[in-house]
Amino acid sequence: MQQSPVIFAESMHSGLFSKSKKIFVLTDENTVRYCLPEIEKQGEVHTIVIPAGEQHKNIETLTKVWQALAAGFADRNSVLVNIGGGVVCDIGGFAAATYMRGISFVQVPTTLLAMADAAHGGKTGIDFLDFKNMLGAFALPESVIVYPAFLKTLPQRELLSGFAEVIKHYIIADASSFHEVWKCKAVIIEEANWKPLLQKAIAIKQSVVARDPYEKGIRKILNFGHTVGHAVETLFLQEKNYLLHGEAVAIGMLMETLMAQELKIIQQAEAERIVEVLIEIFHNRPAIANPAQVLQAMKHDKKNRDAVPLFALPNRIGNCLFNCEVEEAVILNAFKNYNELYAVA
Ligand code: NAD
């Protein structure tokens with residue numbers, strides 16, 4: 001399936017947006033301040049602002065977006081421009097996909113995570129009943145506009161969180177980019193030239209999604225790190241030391257690599273190299289006090305079959321298997337090893 005065009009912009013000039021449509025802009029309380037002013041004004045624009053953060057990726061916020069669209073008389077000839085991180089892109093995409101049975105939308109990702117991952121591939125949605133992305137729809141944006149200069153105001157912790165999804169793309173499909181990261185490790189974050197790093201990550205996502213847009217098969221490799229990651233993210237959401245999405249995915253990739261190693265799916269040296277990069281770059285690795293609770297949360301994962309958690313596991317750097325069933329004992333052993341060897345109190 002044809003994927004949405006990706007435009008790497010040098011500036012956010014008004015020519016990037018369709019002039020014939022009534023424009024609605026969705027931002028959060030940070031992107032309205034840091035990113036919206038960068039965008040050249042054109043005509044009347046209806047701006048909608050939602051609170052920032054994963055805890056607001058819910059039905060209440062979505063309802064407010066629908067209400068704002070209705071109050072501004074949005075119709076089938078309107079376009080919703082989502083300017084923000086993965087939360088704004090996911091909620092805005094879902095609002096557009098459902099409002100009047102679907103209006104056009106454009107993704108303008110402003111975090112590294114959204115530029116590399118969330119804005120592409122047509123998955124939209126919200127969290128529900130304490131589960132990640134429980135409600136949602138597949139809907140492709142008209143285009144995705146990537147303007148790496150937005151990253152200048154992004155806090156370092158958010159930048160690192162996004163880098164987890166970049167590395168994930170390399171681990172599952174691009175060994176040579178992974179080895180470049182391995183050589184430079186943390187340095188790459190400090191001195192990154194984001195455009196080429198993003199181009200490679202986006203190309204991987206687009207080509208996988210084009211082969212399997214509705215995640216019946218190969219697209220599941222993009223979920224590497226996410227079976228554990230989503231469950232861990234959900235559990236920490238209400239905690240004071242909550243985890244960002246990419247931080248949870250990094251912990252998930254680490255544990256799922258340990259599982260692949262124990263199952264002898266991946267050679268020890270390759271697994272060790274993945275783990276080495278992950279622990280060098282991602283330092284927020286709290287111990288998981290209650291693995292049984294995480295296991296329970298995993299049973300609600302969308303990737304499951306009959307409530308049996310399924311995993312995407314790398315079989316070498318640059319390649320990944322999917323639909324892997326893993327015995328509970330192996331999962332619990334990965335938690336134990338993670339807690340003992342890699343968690344930072
Ligand atoms: P986010 O959207 O919460 O953004 C992180 C924080 O950075 C927020 O506080 C935001 O206001 C702020 N921010 C955004 N851009 C900024 C900028 N340029 N300068 C300063 N502050 C800025 O989080 P995220 O990490 O971008 O996205 C995580 C979400 O993405 C999760 O909900 C996850 O489930 C989703 N996701 C979706 C897909 C998909 O395919 N749809 C893929 C991966 C992740």
Side-chain angles (χ1 to χ4, degrees), residues 3-4 12 26-39 49-58 61-62 82-94 96-97 105 107-128 131-141 144 146-166 168-169 194 201-202 204-206 208-209 213-215 219-220 222-226 229-234 236-237 242-250 252 301-302:
Q3 290 302 291
S4 311
M12 290 302 292
L26 180 67
T27 59
D28 70 20
E29 57 203 355
N30 292 316
T31 60
V32 71
R33 195 161 138 219
Y34 296 118
C35 307
L36 192 60
E38 293 265 332
I39 297 173
V49 187
I50 59 174
E54 184 72 29
Q55 66 277 30
H56 299 289
K57 190 176 154 180
N58 56 29
T61 310
L62 176 65
N82 302 316
I83 303 173
V87 170
V88 167
C89 290
D90 278 7
I91 297 182
F94 191 33
F105 66 104
Q107 301 291 40
V108 183
T110 61
T111 62
L112 182 60
L113 188 138
M115 288 179 193
D117 194 354
H120 313 274
K123 278 190 186 176
T124 70
I126 55 166
D127 304 336
F128 188 61
F131 297 111
K132 286 275 303 166
N133 305 325
M134 185 79 140
L135 302 181
F138 285 101
L140 281 175
V144 182
V146 181
Y147 180 54
F150 280 141
L151 299 177
K152 281 188 218 145
T153 55
L154 193 67
Q156 178 80 0
R157 185 176 169 199
E158 297 288 350
L159 204 60
L160 269 172
S161 166
F163 199 56
E165 298 280 17
V166 175
K168 177 201 75 182
H169 286 132
W194 289 115
I202 294 169
I204 292 166
K205 173 136 191 195
Q206 294 246 18
V208 172
V209 176
Y214 300 110
E215 202 169 285
R219 183 171 181 165
K220 294 180 186 180
L222 294 169
N223 295 326
F224 169 49
H226 284 64
H230 273 166
V232 168
E233 184 182 4
T234 303
F236 275 82
L237 205 56
Y242 71 93
L243 286 167
L244 300 181
H245 179 75
E247 292 171 337
V249 168
D301 199 279
K302 291 182 296 306

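All ligand and atom numbering here is 1-based and tracks the order in the structure. The figures here come from the full heavy-atom set of this structure, side chains too, leaving out hydrogens, waters and symmetry mates.
Heavy atoms only, all atoms of each residue included: Glu215 and Asn223 are closest at OE2-ND2, 3.3 Å. Smallest separation of non-hydrogen atoms from Phe138 and Pro213: CE2-O, 3.4 Å. When all heavy atoms are compared, the tightest approach of Lys132 to Thr234 is CG-OG1, 3.5 Å. Considering every non-hydrogen atom in both Val249 and Phe224, the closest pair reads CG1-O, 4.3 Å. Of all heavy-atom pairs spanning Ala114 and Gly84, the tightest one is CB-O, 4.1 Å.
Looking at Leu154, Leu112, Asp28 and measuring to atom 22 (C) of ligand 1, the nearest heavy atom belongs to Leu154. When the heavy atoms of Tyr34, Tyr147, Phe150 are ranked by distance to atom 18 (N) of ligand 1, first place goes to Phe150. Of the candidates Leu222, Thr153, Asp127, Asn223, Thr153 brings a heavy atom nearest to atom 19 (N) of ligand 1. Between Thr27, Asp90, Thr124, it is Asp90 that holds the heavy atom closest to atom 37 (C) of ligand 1.
Within the structure, the closest approach of Cys35 to ligand 1 falls below 4.0 Å when heavy atoms are considered.
Considering backbone and side-chain atoms together, Ala114 places no N or O closer than 3.5 Å to any N or O of ligand 1. Not one N or O of His230 is nearer than 3.5 Å to an N or O of ligand 1, by distance alone. Checking only distances, Leu151 never comes within under 3.5 Å of ligand 1, N or O to N or O. In terms of polar-atom proximity, defined here as any N/O pair under 3.5 Å, Thr111 does make such a contact with ligand 1. Any N or O atom pair closer than 3.5 Å counts here, and Thr31 shares no such pair with ligand 1. An N or O contact shorter than 3.5 Å links Gly86 to ligand 1 by distance.
Using modelled atom types, one side-chain atom of Asp127 and one backbone atom of Asn133 make a donor-acceptor pair closer than 3.5 Å. Between the side chain of His120 and the main chain of Ala116, no donor-acceptor pair closer than 3.5 Å is present. Between the side chain of Ser4 and the backbone N or O of Pro141 there is at least one donor-acceptor pair closer than 3.5 Å.
With ligand atoms numbered from 1 in the order given, ligand 1 contributes 34 (O) to contacts under 4.0 Å with heavy atoms of Asn133. For ligand 1, the atoms closer than 4.0 angstrom to any heavy atom of Lys132 are 31 (C), 32 (O), 33 (C), 34 (O). With ligand atoms numbered from 1 in the order given, ligand 1 contributes 31 (C), 32 (O), 33 (C), 34 (O), 35 (C) to contacts under 4.0 Å with heavy atoms of Lys57. Using a 4.0 Å cut-off to heavy atoms of Glu165, the atoms of ligand 1 that qualify are 43 (C). Distances below 4.0 Å separate heavy atoms of Lys123 from the following atoms of ligand 1: 40 (O), 41 (N). Atoms of ligand 1 lying under 4.0 Å from at least one heavy atom of Lys205, given by number and element, are 40 (O). Numbered from 1 in the order shown, with element, the atoms of ligand 1 that lie under 4.0 Å from a heavy atom of Asn30 read 9 (O), 10 (C), 11 (O), 12 (C). For ligand 1, the atoms lying closer than 4.0 Å to a non-hydrogen atom of Asp117 are 42 (C), 43 (C).
In this structure, the separation between NZ on Lys152 and OH on Tyr34 is 14.5 Å, given to the nearest 0.5 Å. Between the CG atom in Leu151 and the OG1 atom in Thr111 there is a gap of 8.0 Å [rounded to 0.5 Å]. Residue Ile83 holds its CD1 atom at 3.0 Å from CD1 of Ile39, rounded to the nearest 0.5 Å.
Scanning the protein heavy atoms around atom 28 (C) of ligand 1, the nearest turns out to be Leu113 CD2, 3.8 Å. If you check which protein heavy atom lies closest to atom 1 (P) of ligand 1, you get Val87 CG2, 3.9 Å. For atom 42 (C) of ligand 1, the closest non-hydrogen atom of the protein is Ala118 CA, 3.5 Å. Protein heavy atom closest to atom 31 (C) of ligand 1, with residue, atom name and distance, is Glu54 OE1, 3.1 Å. From the protein, the heavy atom lying nearest to atom 15 (N) of ligand 1 is Thr110 OG1, 2.7 Å. Atom 5 (C) of ligand 1 has as its closest protein heavy atom Glu158 OE1, 3.2 Å.
At a cut-off of 3.5 Å, with distance as the only test, no side-chain donor of Tyr242 or Glu54 sits close to an acceptor on the other residue. Under the 3.5 Å distance criterion, with hydrogens and angles disregarded, a donor-acceptor pair is assigned to the side chains of Glu165 and His226.
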Problem set entry | Asp90/Lys57 under side chain to side chain contact (heavy atoms under 4.5 Å, CB included): CA gap, chis, key distance, verdict | CA-CA 8 Å; Asp90 278 7; Lys57 190 176 154 180; 2.8 Å; yes

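Taking the side chain as every heavy atom from C-beta outward, His245 and Leu113 approach each other to under 4.5 Å.
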